[in-house]
Amino acid sequence: MAFVFSTPVRFADVDHAGIVYYPRFFHYFHLAFEELFRVRMGARAYVELLDVERVGFPAVHAEADYRAPLRFGDQADIALSVAKLGGSSITFRYRVSRGEVECAVGTEVCAVVDLNEFRPCPIPTSVRALIADLLES
């Protein structure tokens, strides 16, 4: 199962060739990540996790493969799943599509850190519960 976030491709997302500029896909990945927290835990959940609980999710590795173009005005559907759930890291998988056409796939490994010390920490129980159904089998 995956969490899906949809967004229109905006003019600011495209390059001179008229297609989504490749680093923008990483922005789309992060939008889906934030939206997951907002939808499942409430509008301020991610902010509170960062500012109150002081838990962060910095990316330590990211990669993407591009398969088909997205253009201004297209609808981008970003499917987020969890490829691996470690003790203090999470590997997210993203699939970006335009209808039935797969446009990009990517993975991002996020460390889970105590923002006061900027050191690894265990994944909070609330976060494990939030993503449990997204774990790929």
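All residue numbers in this chain count up from 1 along the given sequence.
Applying the salt bridge (charged side-chain N to carboxylate O under 4.0 Å, His left out) test to pairs two or more places apart or on separate chains, those with a residue in residues 45-71 are R67-E102.
Hydrophobic clustering (ILVMFWY, side-chain heavy atoms < 4.5 Å, transitive): L36 and V109 are in distinct clusters. One hydrophobic cluster, built from ILVMFWY side chains closer than 4.5 Å, cannot hold both V60 and I90; they sit in different ones. Residues V101 and V14 do not share a hydrophobic cluster, defined by chaining ILVMFWY side chains whose heavy atoms lie under 4.5 Å apart. When hydrophobic clusters are built by joining Ile, Leu, Val, Met, Phe, Trp and Tyr residues whose side-chain heavy atoms come closer than 4.5 Å, directly or via intermediates, M41 is grouped together with L50. By the rule that hydrophobic residues join a cluster once side-chain heavy atoms approach within less than 4.5 Å of another member, V39 and Y94 end up as members of one cluster.
Closest of all the heavy-atom pairs between P69 and C103 is O-SG, 3.9 Å. F25 and Y66 make their closest contact through CD1-CE2, 3.5 Å (heavy atoms, listed as atom of the first residue, atom of the second, distance). Smallest separation of non-hydrogen atoms from A68 and R98: CB-NH2, 4.0 Å. For the residue pair A12 and R24, the shortest heavy atom distance occurs at O-NE, 4.3 Å. The nearest pair of heavy atoms linking A32 to F3 is O-CE2, 3.7 Å.
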Kindly list each side-chain donor-acceptor pair under 3.5 angstrom involving residues 117-135, sequence neighbours excluded, with atom names and distances?
from	atom 1	to	atom 2	distance (Å)
R128	NH2	G86	O	2.8
D133	OD1	R40	NH1	2.7
D133	OD2	R40	NH2	3.1

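Going from atom OG of S6 over to atom CD of Q75 covers 5.0 Å, rounded to the nearest 0.5 Å. The distance from atom CD1 of I19 to atom CG of D74, rounded to the nearest 0.5 Å, is 11.0 Å.
A 4.5 Å side-chain heavy-atom check between F5 and L80 finds every atom pair outside the cut-off. No side-chain heavy atom of K84 sits under 4.5 Å from any side-chain heavy atom of S89. Side-chain contact check for V82 versus F92: some heavy-atom pair is nearer than 4.5 Å. Using a 4.5 Å heavy-atom cutoff, the side chains of D13 and Y21 are not in contact. A heavy-atom distance below 4.5 Å is found between the side chains of L70 and V96.
Remark: E100 engages no residue in a side-chain contact (heavy atoms from CB on, under 4.5 Å) (not counting sequence neighbours).
Ring geometry for F26 against F29 counts as perpendicular: the plane angle is over 60°, on a 0 to 90° scale with 30° as the lower cut.
Between F33 and Y46, the distance separating the two ring centers is shorter than 6.0 angstrom.
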